[in-house]
Amino acid sequence: MIGELPKGVEPRILEDHLLGKGMKTRIDRRPDGGAVVWILDENHVEEARKEFAEYLAAPGDPRFRSSAAKAEAIRKTEARRDRQFRKNYREAGDLWGGPTLRQRPVTVLTVAVAVIVYVLQHTEYNRQVVIWLSFFDWSEGLPDDRAWLGLTDVLHGQVWRLVTPVFLHFSPLHILFNCMWTMILGTAIERHRGSGKLLLFILATAALSNLIEYEYMERLHADPFRATRFYTFGGLSGVNYALFGYVWMMGELHPEEGLRIDSTNTLILLGWLVLCFTGMLGPVANAAHLGGLAAGMALGWLRY
């Protein structure tokens, strides 16, 4: 305790003044209208007592009121940090169980749909599933076997095709890799930014990455020297690179939001991106990867 203020002397002004100088206090108001002032750090006691005595002698001095704005800014910063701490804080026991379904419904639903579709692709319904979910409706024949229709299917009302290719996967490694990163990155974003934001993020980046891949295929089809038989494309990797780009930029530019990815995983994902361009992994939707990465980085930079 550094002193008592009598009735009529406003303790908030002194509190702001001391906080502006980096000294935190606690004010206990008394029933008679006075207040007891406590300093929280013993290293500040002597200086605080000096300031207290000067304030008590001249409470109307303008210099004591000049710290109000600075003190309010300090309180807002501390409140934001406290909210972020509480948001990121987890009991040790929670580390064993991991996030529950209620904490990441969109992430779990996205992966579940992809797994169900993959299972159906390995049944007698394979052709129907791929026809309905691919970017092109090739029920009348593969694109190379009929007139190139471009965006005709989408423009004629089959708008789901802008998004649904992300649920198609063509090998065990393909779906395992994509679902793993969707769970890791999607869970982080959903817990910090909310399910609604993640859902919009996935829908938007899925459509964008698919459109970019389509445009790449369109150019290949139009170039007689680069004929392609790349009938369809799919996978969550375009969305995953968007999730990665978003978390990466949020960690670099807005660390207070609690989203970050370590340097090892950053190198893994960037290395995989480069490896896909070598052709060693077979046909890969590289344009979708790059488009998703760019979109995610932009949204992270904008602090979506």
Side-chain angles (χ1 to χ4, degrees), residues 97-123 125-126 129-130 132-135 154 158-214 232-250 257-261 265 268-269 272-273 276 284-285 287-300 304:
T100 64
L101 174 61
R102 293 181 60 183
Q103 293 174 307
R104 51 177 178 177
V106 173
T107 302
V108 173
L109 179 63
T110 301
V111 170
V113 172
V115 170
I116 291 170
V117 169
Y118 184 74
V119 171
L120 290 174
Q121 285 180 254
H122 291 77
T123 67
Y125 302 106
N126 173 49
V129 168
V130 177
W132 272 96
L133 299 185
S134 64
F135 199 87
V154 172
Q158 299 180 24
V159 292
W160 68 86
R161 297 185 185 278
L162 290 172
V163 173
T164 52
V166 302
F167 297 114
L168 294 172
H169 292 85
F170 306 108
S171 73
L173 178 62
H174 192 201
I175 191 168
L176 285 173
F177 185 86
N178 281 344
C179 287
M180 178 189 73
W181 284 111
T182 299
M183 289 298 289
I184 293 171
L185 298 170
T187 296
I189 294 173
E190 190 164 9
R191 295 190 69 191
H192 285 83
R193 307 298 282 169
S195 298
K197 278 197 171 184
L198 179 63
L199 178 61
L200 290 176
F201 185 100
I202 289 175
L203 292 175
T205 57
L208 179 63
S209 60
N210 286 335
L211 280 168
I212 291 173
E213 186 62 31
Y214 155 75
T232 189
F233 55 87
L236 281 163
S237 49
V239 171
N240 280 337
Y241 271 102
L243 297 174
F244 161 59
Y246 179 76
V247 173
W248 187 17
M249 288 300 99
M250 288 291 285
E257 295 293 343
L259 276 171
R260 64 178 297 274
I261 185 168
N265 283 321
I268 289 173
L269 285 164
W272 187 263
L273 182 69
C276 289
V284 177
H289 292 181
L290 290 177
L293 179 61
M297 292 177 70
L299 289 171
Y304 164 75

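In this chain, residues are counted from 1 in sequence order.
Between Thr205 and Tyr246, every side-chain heavy-atom pair lies at or beyond the 4.5 Å cut-off. In this structure the side chain of Val129 reaches within 4.5 angstrom of the side chain of Val117, judged on heavy atoms. When side chains are defined from C-beta on, Met250 does not count as touching His192, because their heavy atoms never get closer than 4.5 Å. The shortest side-chain heavy-atom distance between Leu168 and Phe233 does not fall under the 4.5 Å cut-off. Put simply, the side chain of Leu273 does not reach to within 4.5 Å of the side chain of Leu269, judged on heavy atoms. In this structure the side chain of Asn210 never reaches within 4.5 angstrom of the side chain of Arg161, judged on heavy atoms. Between Val247 and Ile189, some side-chain heavy-atom pair lies under the 4.5 Å cut-off. Annotation: side chain of Ser195 is in contact with side chain of Pro105 (closest heavy-atom distance under 4.5 Å).
Between Ile261 atom CD1 and Met249 atom CE the span is 10.5 Å, to the nearest 0.5 Å. Atom CG in Leu176 sits 8.5 Å away from atom OG in Ser171 (nearest 0.5 Å). Note that the CZ atom of Arg191 and the CG atom of Leu259 stand 11.0 Å from one another [nearest 0.5 Å]. In this structure, Gln158 CD and Phe135 CZ are separated by 11.0 Å, a value rounded to the nearest 0.5 Å. Expressed to the nearest 0.5 Å, how far CE of Met183 lies from OG1 of Thr110 amounts to 10.0 Å. Distance CG/Asn178 to CG/Leu173: 9.0 Å, rounded to 0.5 Å.
Phe201 and Gly296 make their closest contact through CZ-CA, 4.2 Å (heavy atoms, listed as atom of the first residue, atom of the second, distance). Scanning both residues, Cys179 and Ala114, for their nearest heavy atoms gives SG-CB, 4.3 Å. Closest heavy-atom contact between His174 and His169: ND1-CA, 3.5 Å.
In terms of modelled atom types and a separation under 3.5 Å, the side chain of Tyr304 and the main chain of Lys197 share a donor-acceptor contact. Thr107 places a side-chain N or O within 3.5 Å of a backbone atom of Gly186 that can act as its donor or acceptor partner. Under the 3.5 Å distance criterion, the side-chain polar atoms of Thr187 are left unmatched by any main-chain donor or acceptor of Ile184. A donor-acceptor pair is defined here as one N or O able to donate and one able to accept, closer than 3.5 Å; no such pair exists between the side chain of Gln121 and the backbone of Phe170. With hydrogens and angles ignored, the 3.5 Å screen pairs no side-chain donor or acceptor of Trp181 with any backbone N or O of Tyr241. With Glu190 contributing its side chain and Val106 its backbone, the two residues share a donor-acceptor pair below 3.5 Å.
A search for side chain to side chain donor-acceptor pair (under 3.5 Å) contacts involving Asn265 returns Asp262, not counting sequence neighbours. In this view, Phe244 and Trp248 satisfy the ring pair (Phe, Tyr, Trp, His ring centres under 6.0 Å) rule, not counting sequence neighbours. Annotation: side chain to side chain contact (heavy atoms under 4.5 Å, CB included) contacts of Leu208 (sequence neighbours excluded): Ile212, Ala295. By the side chain to side chain donor-acceptor pair (under 3.5 Å) test, Thr164 is found to be paired with no residue, residues two or more places apart in sequence or in another chain being considered. Contacts of Ala207 classified as side chain to side chain contact (heavy atoms under 4.5 Å, CB included), with partners at least two apart in sequence or in another chain: Leu162, Val163. The side chain to side chain donor-acceptor pair (under 3.5 Å) search around Ser237 returns His289, not counting sequence neighbours.
Of the residues listed (Val113, Asn240, Leu203, Leu236), the one engaging Val166 in a side chain to side chain contact (heavy atoms under 4.5 Å, CB included) is Leu236, and it is the only one.
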Exercise for the section: Take Leu199 and Leu109 through the test side chain to side chain contact (heavy atoms under 4.5 Å, CB included) and record every step on the way to the result. Expected result: CA-CA 10 Å; Leu199 178 61; Leu109 179 63; over 6 Å; no

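Ring geometry, Trp272 versus Phe177: the interplanar angle falls under 30°, so the pair is classed parallel (tilted spans 30 to 60°).
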